[in-house]
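Structure, as structure tokens:
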Protein chains: 2
Amino acid sequence: MEPNPVIKGSLTTIILKLLEQNSRMYGYEMTRAVREVTKDRMDITEAALYPALHKLVDEGLLETTSEVVEGRIRKYYSLTKKGKKESLIKINALKEALESLNLILNSNLGNA
Amino acid sequence: MEPNPVIKGSLTTIILKLLEQNSRMYGYEMTRAVREVTKDRMDITEAALYPALHKLVDEGLLETTSEVVEGRIRKYYSLTKKGKKESLIKINALKEALESLNLILNSNLGNA
DNA sequence: ATTAATACCTAACAAAATTAGGCATTAAAA
DNA sequence: TTTTAATGCCTAATTTTGTTAGGTATTAAT
């Protein structure tokens, strides 16, 4: 079973959600966390992830600190004050959008 | 309250779902149906809808018949045989993706 | 010595929606 | 009666976002 790709537009919100619950994480760790909670049913690719992280830093929602752990660089990301506000908004917006989508996918639309 | 935009990538599946339950619909009608079931919380724009419909026709998933009703043209779309098969697959794939997303948005990710 | 896992990254491209319109008819409101 | 809202179709340019396809480097296991 190939994992589902990320639903377009949701990656940024996924990142914010992860950081809302963990205070700091590094990129590679995020990819593992998503695989773990979704039991390999969703995969966020690094090629999408890193540019998304950099964009969030540019927008002032994330800040970074780097560390060397076991000879390898880890770049930790965490929410800024602005990022904390925005994450609440975006997580909520996505949840609402998912509820609407579920309504469409699970309702009888017109032929009742 | 501005309606949520369609979650990117889901529009095609929404169309297939609508036609799975209605046998035939025209574009404008689809926009109203989505607004109705989601109580105006989701809006599918015509600028996204019509190109998506044309693409589905090109791919052989939809077929069309046109009618003039009250002086205005209506272009009805319905699922082809191939479209019926594909709609089941795509609707299911989207549902699975939504479940994964819900797992991410509603779980405790690491700080439990 | 090679492979897998960890850990970061970019560039070219494609997919999909948004923004910003256009055109035409009918019904309602000013 | 002229303007606006609703119905109904559509396209073009741009932007957003992810995919494909790599690259680099270290550590641990085979």
Side-chain angles (χ1 to χ4, degrees), chain A residues 2-16 18 24-36 40 42-59 61-62 64-77 90 93-94 97 100-101, chain B residues 2-16 18 24-36 40 42-59 61-62 64-77 90 93-94 97 100-101:
Chain A
E2 328 78 58
N4 302 113
V6 175
I7 291 180
K8 285 196 196 240
S10 63
L11 179 57
T12 291
T13 308
I14 289 171
I15 292 168
L16 296 175
L18 289 167
R24 63 181 221 148
M25 291 182 89
Y26 54 101
Y28 188 77
E29 187 183 12
M30 295 180 191
T31 69
R32 302 301 127 180
V34 167
R35 285 196 188 181
E36 197 187 330
D40 286 339
M42 185 181 287
D43 179 46
I44 65 174
T45 65
E46 295 181 36
L49 176 63
Y50 290 112
L53 286 170
H54 301 160
K55 194 185 174 201
L56 287 169
V57 171
D58 288 345
E59 292 169 351
L61 303 187
L62 302 186
T64 67
T65 55
S66 290
E67 279 179 33
V68 176
V69 179
E70 289 167 26
R72 278 187 286 261
I73 287 179
R74 281 186 191 172
K75 202 164 159 189
Y76 282 98
Y77 292 85
K90 290 203 173 165
L94 184 55
S100 293
L101 241 188
Chain B
E2 327 77 60
N4 302 112
V6 174
I7 291 181
K8 286 183 197 255
S10 63
L11 178 56
T12 291
T13 308
I14 290 172
I15 292 168
L16 296 174
L18 289 167
R24 63 180 222 152
M25 290 182 89
Y26 54 100
Y28 188 76
E29 186 183 12
M30 295 180 190
T31 69
R32 301 301 127 178
V34 167
R35 285 196 187 181
E36 197 187 328
D40 286 338
M42 184 180 287
D43 180 44
I44 65 174
T45 66
E46 295 180 37
L49 175 64
Y50 290 111
L53 286 169
H54 301 160
K55 194 184 176 203
L56 287 168
V57 171
D58 288 347
E59 292 169 352
L61 304 187
L62 302 186
T64 66
T65 54
S66 291
E67 280 179 33
V68 177
V69 178
E70 288 167 25
R72 278 186 285 261
I73 287 178
R74 281 185 191 170
K75 202 163 158 190
Y76 282 99
Y77 292 85
K90 291 204 171 162
L94 183 54
S100 293
L101 241 187

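Proteins get letters first, then strands, A, B, ... in listed order; numbering begins at 1 in each. Here the structure is a predicted model, which means the values were calculated and not measured.
For the atom pair OG1 (B/Thr65) and CZ (B/Arg74), the distance works out to 11.5 Å, reported to the nearest 0.5 Å. Here the NE2-CD distance, from A/His54 to A/Glu59, works out to 13.0 Å after rounding to the nearest 0.5 Å.
Residue A/Met25 contributes atom CE, which lies 15 Å from atom C1' of C/dT6 at whole-angstrom precision. B/Leu56 places its CG atom 14 Å from the P atom of C/dA15, with the value rounded to the nearest Å.
Nearest approach of B/Leu11 to B/Ala52, heavy atoms of both residues: CD2-CB, 3.9 Å. Nearest heavy-atom pair across B/Lys75 and B/Ser66 is CG-OG, 3.5 Å. Of all heavy-atom pairs spanning A/Val34 and A/Met42, the tightest one is CG1-O, 3.7 Å.
For B/His54, counting side-chain heavy atoms from C-beta on, the closest listed nucleotide (D/dC10, D/dC9, C/dC8) is D/dC10.
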**Fill in**
Given protein heavy atoms under 4.0 Å, the one-letter contact record of nucleotides 22-30 of chain D, with B base, S sugar-phosphate only and - none, is simply ----BS---
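Judged by closest nucleotide on DNA chain D, B/Tyr26 is the one of B/Tyr26 and B/Ala48 placed further toward the 5' end. Nearest-nucleotide positions on DNA chain D for A/Ala52 and B/Tyr76 put B/Tyr76 closer to the 5' end.
Side chains of A/Met30 and A/Leu53 form a contact here, defined as non-hydrogen atoms less than 4.5 Å apart.
A salt bridge does not link A/Glu36 to A/Arg32: none of the charged nitrogens lies less than 4.0 Å from a carboxylate oxygen. Ionic pairing of B/Glu67 and B/Arg72 is not present here: no N-O contact between side-chain nitrogen and carboxylate oxygen is shorter than 4.0 angstrom.
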Pick out the pairs of N or O atoms, protein on one side and nucleotides 14-17 of chain D on the other, that lie under 3.5 Å.
from, atom 1, to, atom 2, distance (Å)
D/dT17, OP2, A/Lys55, NZ, 2.6
D/dT17, O3', A/Gly9, N, 3.3

